[in-house]
Amino acid sequence: MRSTLRFTAAGLGAALALAACSTGAPSTSSSSGTSGGNDNKNIAFVQGVAGDEFYITMQCGIEAKAKELGYTVTTQGPQKFDPTLQKPIVDSVTASKPAALLVAPTDVQAMQAPLQQAAAAGIKVVLVDTTVNDPSFAVSEISSDNVGGGKAAFEAIKAAKPSGGKVLVISTDPGVSTVDARVKGFEDAAKADSSFNYLGVQYSHNDPATAANLVSSALQKDPDIVGIFATNLFSAEGSATGVRQAGAKDLTIVGFDAGPNQIKALQDGTVQALVAQQPGTIGTDGVEQAVAALTGKSVEKKIQTGFTIITKDNLSGEGGQAAYKSTC
Ligand code: T6T
């Protein structure tokens, strides 16, 4: 396994002490280049959900690398992060027989069979971001160090609240490999530190309004919560709204992902730190591995990408550079 893990946390301690390209419709990018001996130059990208800046940034990386290597990309994503909506998209992609499929499965179990069928049809399947229970059919898997990111999120809360207290996690749904791993990294670290009281995880179904309500109710029950870890973009957006609505001032929110709304919440001071992934790199690595498999070159079975902790302190430098794109 190649590990491209890069963890940059410049300025974290100081800052914490203070405190489309994509729609449901397929979009196609083409290139006039050529590569290899195979005539089929079509790569399909199926996002976890359309309109999510994490996947839009990944799409930008995929399109750029595909163009360089002489491939055409068609991107589609379900309107919700939901396997019942993603499965028909995958089934129709399989029927259209692209050379390769880059896909972020929305559930470890429900997407197993449809993706296995894609691979059985001769399509080179690369899992980008999320995975399934048995990924052995995939030529490669590329994702962030999600357990490490969850642990880093706990450390960020601890840096802001060194005397400890109650901490809560807001996630999307159980069965999503990435966010489950982030919860685990956070939970293990929180439970290992006796000055913190881990209140557990609540699920927002990837809906910011639900996340906001969960946070409001949690703060009514436990007004002394000192930290919230929101495991992805929409959980973080909703958690920030919930904290704002509750008027809670002395609370640290650390969110995974760095879309424009998260950056704004950081600038406003509602959120104190963001764990930014490298979705563009996941995309370019994904295309490289797919093309390696298609051209008979050696493939890396597993690639782990790193993350950057963004705070107000590094926003004008490497933090700002790690922010996600809304368009390519
Ligand atoms: O956090 C990313 C992604 O890694 C996760 O699998 C699902 O949520 C995001 O797309 C952000 O919304």
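Whatever order the structure lists ligands and atoms in, that order sets their numbers, starting from 1.
Pairs passing the salt bridge (charged side-chain N to carboxylate O under 4.0 Å, His left out) check and including a residue from residues 247-267, sequence neighbours excluded, read K161-D250, K264-D268. Residue pairs satisfying the side chain to side chain donor-acceptor pair (under 3.5 Å) criterion with at least one member in residues 218-228, sequence neighbours excluded, are listed as follows: K166-D222, K166-D224.
We find that D193 and K158 are joined by a salt bridge, their nearest charged nitrogen and carboxylate oxygen being less than 4.0 Å apart.
Residues satisfying the side chain to side chain contact (heavy atoms under 4.5 Å, CB included) test with K325, not counting sequence neighbours, are T57, C60.
Ring planes of F229 and F186: parallel class, angle under 30° (limits at 30 and 60°).
Residue N206 is tested with D173, T172, N232, T106 for a side chain to side chain donor-acceptor pair (under 3.5 Å); the sole match is N232.
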List, pair by pair, the atoms of ligand 1 and of the protein that are both N or O and lie under 3.5 Å apart, giving the separation rounded to 0.1 Å.
unit_1: ligand 1; atom_1: 1 (O); unit_2: R182; atom_2: NH1; d: 2.9
unit_1: ligand 1; atom_1: 1 (O); unit_2: D257; atom_2: OD1; d: 3.3
unit_1: ligand 1; atom_1: 1 (O); unit_2: D257; atom_2: OD2; d: 2.5
unit_1: ligand 1; atom_1: 1 (O); unit_2: Q277; atom_2: NE2; d: 3.3
unit_1: ligand 1; atom_1: 4 (O); unit_2: D129; atom_2: OD1; d: 2.7
unit_1: ligand 1; atom_1: 4 (O); unit_2: D129; atom_2: OD2; d: 3.4
unit_1: ligand 1; atom_1: 4 (O); unit_2: R182; atom_2: NH2; d: 2.7
unit_1: ligand 1; atom_1: 4 (O); unit_2: Q277; atom_2: NE2; d: 3.0
unit_1: ligand 1; atom_1: 6 (O); unit_2: D129; atom_2: OD1; d: 3.4
unit_1: ligand 1; atom_1: 6 (O); unit_2: D129; atom_2: OD2; d: 2.7
unit_1: ligand 1; atom_1: 6 (O); unit_2: T178; atom_2: OG1; d: 2.6
unit_1: ligand 1; atom_1: 8 (O); unit_2: N232; atom_2: ND2; d: 3.0
unit_1: ligand 1; atom_1: 10 (O); unit_2: D52; atom_2: OD2; d: 2.7
unit_1: ligand 1; atom_1: 12 (O); unit_2: D52; atom_2: OD2; d: 2.6
unit_1: ligand 1; atom_1: 12 (O); unit_2: N232; atom_2: ND2; d: 3.1

